[in-house]
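To start, the structure under review is shown below, and the notes come after it.
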Amino acid sequence: MEAPPLYEGRQPLGGGWWVVPPYPMAIREEDGSTVIWHSPRGLSLWISVYGADPGTTAADTLEWVLSGRSEDAWDEIEEQGPVLLRYGYRLDDSDAACPTFYGAAIAPDGGYALLGAYFEDEASLADAMATWRSFEWKP
């Protein structure tokens with residue numbers, strides 16, 4: 001089987017969203033999500049983007065995201081950047097090699113990008129979080 005092409009730098013996600021993977025990675029679309037992965041490094045990133053409902057604010061979307069997180073979430077982090085509000089947490093998934101990192105980047109209009117980062121080595125958490133922090137949104 002031939003290895004997929006690797007892409008680097010700023011990648012479009014649709015809806016005005018962009019992301020910068022931490023190093024050259026393969027990219028595919030699957031079930032409405034963008035999947036970015038690097039098999040040798042054991043990192044897979046599942047990203048979905050959603051537009052905002054009219055009248056929705058970033059605070060509304062954050063409240064919705066918080067209401068849907070698992071009670072077992074830990075290592076929660078919230079960051080307000082110049083444009084985006086970010087929220088992330090870890091979760092022990094029974095079949096994952098390391099606890100998963102889940103993150104949301106929320107635009108001022110309430111639209112958002114969701115990231116699920118799965119990795120085989122805890123050192124890859126830094127790459128997952130760098131990817132989460134790299135989300136850009138331009139309407």
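The structure displayed is predicted, hence computed values, not measured ones.
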Flag this pair as yes if the NZ/CZ of Arg41 is under 6.0 angstrom from the six-membered ring centre of Tyr23 and inside a 45 degree cone about the axis; otherwise no. yes
Hey, could you give me the CG/CH2 distance between Asp53 and Trp64, rounded to the nearest 0.5 Å? 10.0 Å
Rounded to the nearest 0.5 Å, what separation is found between the CD atom of Glu120 and the OG atom of Ser39? 8.5 Å
Can you see which heavy atom on Trp74 is nearest to which on Asp92, and at what distance? NE1-OD2, 3.6 Å
Same cluster or not: are Leu115 and Met129 linked, directly or through other Ile, Leu, Val, Met, Phe, Trp or Tyr residues, by side-chain heavy atoms under 4.5 angstrom apart? yes
Check whether Ser33 reaches the backbone of Val35 with its side chain - one donor and one acceptor, N or O, closer than 3.5 Å. no
To the nearest 0.5 Å, tell me how far Ile36 CD1 sits from Gln11 CD. 6.5 Å
More than 12 heavy atoms of other groups within 6.0 Å of Glu79 CD: yes
Checking side chain to side chain contact (heavy atoms under 4.5 Å, CB included) between Met25 and each of Asp127, Leu43, Thr131, which is the one that passes? Leu43
Using only atom types and a distance under 3.5 Å, with no angle test, would you say the side chain of Arg10 pairs donor to acceptor with the backbone of Trp18? no
Is the backbone of Asp75 close enough, under 3.5 Å, to the side chain of Arg90 for a donor and an acceptor to pair up by distance? no
In the single-linkage hydrophobic clustering (I, L, V, M, F, W, Y; side-chain heavy atoms under 4.5 Å), do Leu85 and Tyr112 co-cluster? yes
Do you know the tightest heavy-atom contact between Leu6 and Ala26? CD2-N, 3.5 Å
State plainly whether one hydrophobic cluster holds both Tyr7 and Val20, where clusters connect Ile, Leu, Val, Met, Phe, Trp and Tyr through side-chain heavy atoms under 4.5 angstrom apart. no
Mind checking whether Leu66 and Trp132 sit in one hydrophobic cluster, side chains of I, L, V, M, F, W, Y counted as touching below 4.5 Å? no
Between Trp17 and Trp137, how do the two ring planes meet: parallel, tilted or perpendicular, split at 30° and 60°? tilted
At what distance, to the nearest 0.5 angstrom, does OH of Tyr102 lie from CG of Leu114? 11.0 Å
Considering non-hydrogen atoms only, spot the tightest contact between Ala73 and Leu91 and give its length. N-CD1, 3.9 Å
Here the pair of heavy atoms bringing Pro99 nearest to Phe119 is O-CZ, 3.4 Å
Whether Arg86 side chain and Gly81 backbone form a donor-acceptor pair below 3.5 Å: no
Can you tell me how far the CZ atom of Phe101 sits from the CG atom of Leu45, to the nearest 0.5 Å? 10.5 Å
Can you give me the closest heavy-atom contact between Val49 and Leu13, atom names plus distance? CG2-O, 3.7 Å
Going by heavy atoms in the side chains, are Tyr50 and Thr61 under 4.5 Å from each other? no
Kindly compute the distance separating CD1 (Ile106) from CZ (Phe135), expressed to the nearest 0.5 Å. 11.5 Å
Check for a donor-acceptor pair, side chain of Arg69 on one end and backbone N or O of Tyr89 on the other, with a separation under 3.5 Å. no
Residue pair Ala52 / Asp109: nearest heavy atoms and the distance that separates them: CB-O, 2.8 Å
